[in-house]
S.K.: 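Starting off with a structure, shown below.
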There are 2 protein chains.
Amino acid sequence: MRKESSTNTLNRNKIHVNCGMAYTLDLIGGRWKPTILWALLGGKLRYSELKKNIPDVSERILVLQLRELEKDGLIKRLVYAEVPPRVEYELTSDGQSMRHMLQIISDWGDLHRPKQAN
Amino acid sequence: MRKESSTNTLNRNKIHVNCGMAYTLDLIGGRWKPTILWALLGGKLRYSELKKNIPDVSERILVLQLRELEKDGLIKRLVYAEVPPRVEYELTSDGQSMRHMLQIISDWGDLHRPKQAN
DNA sequence: CTCATTACTTACATTTTTGTCAGTACTTAA
DNA sequence: TTAAGTACTGACAAAAATGTAAGTAATGAG
């Protein structure tokens, strides 16, 4: 939960206003958000499929990150009135508009992260 | 300070291994790092100049963020043996290699962040 | 009636990040 | 002698992010 009046939050908002970079990074910078976005770039996925794709995240955190991505307009949540329930997640057009950027960020990382010993 | 054995830290490291995006975002995702990098894209700056450029950051946090950027190889710290002291910060070649990516991240943000009311 | 399936939620605990405030070392200038 | 400039550091506190473990509702299959 955010405390609207903390210096922390005030700073965050101030920065967004004059730094587009900081704004973008705030949207995609959560622990599991890159992985989620990456998965959804391949197309629509059910909640359970996301879970399978990302085995280390706890359900609580997965849901939290999905909710934030949704609130920020990067993904859509599609609920089907079925039993057992079916919920699918997919990128919005804003989300899709990140594709090129995400690819470049990913490439930079692949190129520069320290090599694994083996 | 990080606790090397917390699930939190273990997850972070695990993600880095198979997601270049997450790795990159971890390097540039601190609260003031985008602003610092943006400033240094314009060229070398003294500590005091950075402070002037980024008036809302406290000295402690500014130094912390600079140290991390340095540890991660994105900036260099140049110390001159003078009195009063002079310390300059500049991008390393790895830092420079981010220029294009940073520009794209910035552009996305400028294009998509909610417009200010006035 | 019991169990499995799906997509969660709740209460709580821990870890990490960010911020506040005061102080330091060194030297030159007034 | 006192003050000013520079680039910090340290002790502490608050806020935010992440993680754990257990539980829920609805329904159909056996």
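Letters A, B, ... are given to chains in the order of the sequence lines, protein chains preceding strands, and every chain is numbered from 1.
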S.K.: Does a nitrogen or oxygen in the side chain of W32(B) sit under 4.0 Å from OP1 or OP2 of dG19(C)?
M.R.: yes

S.K.: Going by the rule ring pair (Phe, Tyr, Trp, His ring centres under 6.0 Å), which residues pair with W108(B) if we only count those two or more places apart in sequence or in a different chain?
M.R.: H112(B)

S.K.: Classify the nucleic acid contact of S58(A) as base, sugar-phosphate or nothing, counting any heavy atom under 4.0 Å across all strands shown.
M.R.: base

S.K.: Rounded to the Å, how far apart are K14(B) NZ and dT18(D) P?
M.R.: 17 Å

S.K.: With a 4.5 Å limit on heavy-atom distance, are the side chains of R31(B) and N8(A) in contact?
M.R.: yes

S.K.: Run the side-chain contact (heavy atoms from CB on, under 4.5 Å) test against L40(A) and tell me which residues pass, sequence neighbours left out.
M.R.: I36(A), L45(A), L50(A), I75(A), Y89(A), L91(A)

S.K.: My understanding is that only residues two or more places apart in sequence, or in another chain, count here; which of them pass side-chain hydrogen bond (donor to acceptor under 3.5 Å, both in side chains) with E59(B)?
M.R.: Y47(B)

S.K.: For N11(B) and T7(A), take the nucleotide of DNA chain D holding the closest heavy atom to each; which residue's nucleotide lies nearer the 5' end?
M.R.: T7(A)

S.K.: I'd like to check the salt bridge (Lys or Arg N to Asp or Glu O under 4.0 Å) partners of D72(B); sequence neighbours left out, ordered by chain and number.
M.R.: none

S.K.: Taking CD from E68(B) and P from dT18(C), how many angstroms apart are they, rounded to a whole number?
M.R.: 8 Å

S.K.: Base contacts versus sugar-phosphate-only contacts with protein, heavy atoms under 4.0 Å: please encode nucleotides 1-11 of chain C as B, S and - from 5' to 3'.
M.R.: ----BBSBSBB

S.K.: Given atom CD of E82(A) and atom C1' of dA26(D), what is their separation to the nearest angstrom?
M.R.: 13 Å

S.K.: For dA16(D), take OP1 and OP2 only and decide whether either is under 4.0 Å from a side-chain N or O of T9(A).
M.R.: yes

S.K.: Figure out the CG/P separation between L25(B) and dA17(D), and round it to whole Å.
M.R.: 16 Å

S.K.: Distance check needed: dG19(C) P versus L64(B) CG, whole Å only.
M.R.: 10 Å

S.K.: Does dT18(C) have OP1 or OP2 under 4.0 Å away from a side-chain N or O of Q65(B)?
M.R.: yes

S.K.: Counting only side-chain N and O atoms of S6(A), is one of them less than 4.0 Å from OP1 or OP2 of dA16(D)?
M.R.: yes

S.K.: Taking only residues two or more places apart in sequence or in another chain, which ones pass salt bridge (Lys or Arg N to Asp or Glu O under 4.0 Å) with K44(A)?
M.R.: E88(A)

S.K.: Rounded to the nearest 0.5 Å, how far does NZ of K76(A) lie from CD of E90(A)?
M.R.: 5.0 Å

S.K.: For dG19(C), does OP1 or OP2 lie under 4.0 Å from any side-chain N or O of R31(B)?
M.R.: yes

S.K.: Report the distance from atom CD1 of I61(B) to atom P of dC8(D), rounded to the nearest whole Å.
M.R.: 15 Å

S.K.: To the nearest Å, give me how far apart CG (D56(B)) and P (dG19(C)) are.
M.R.: 9 Å

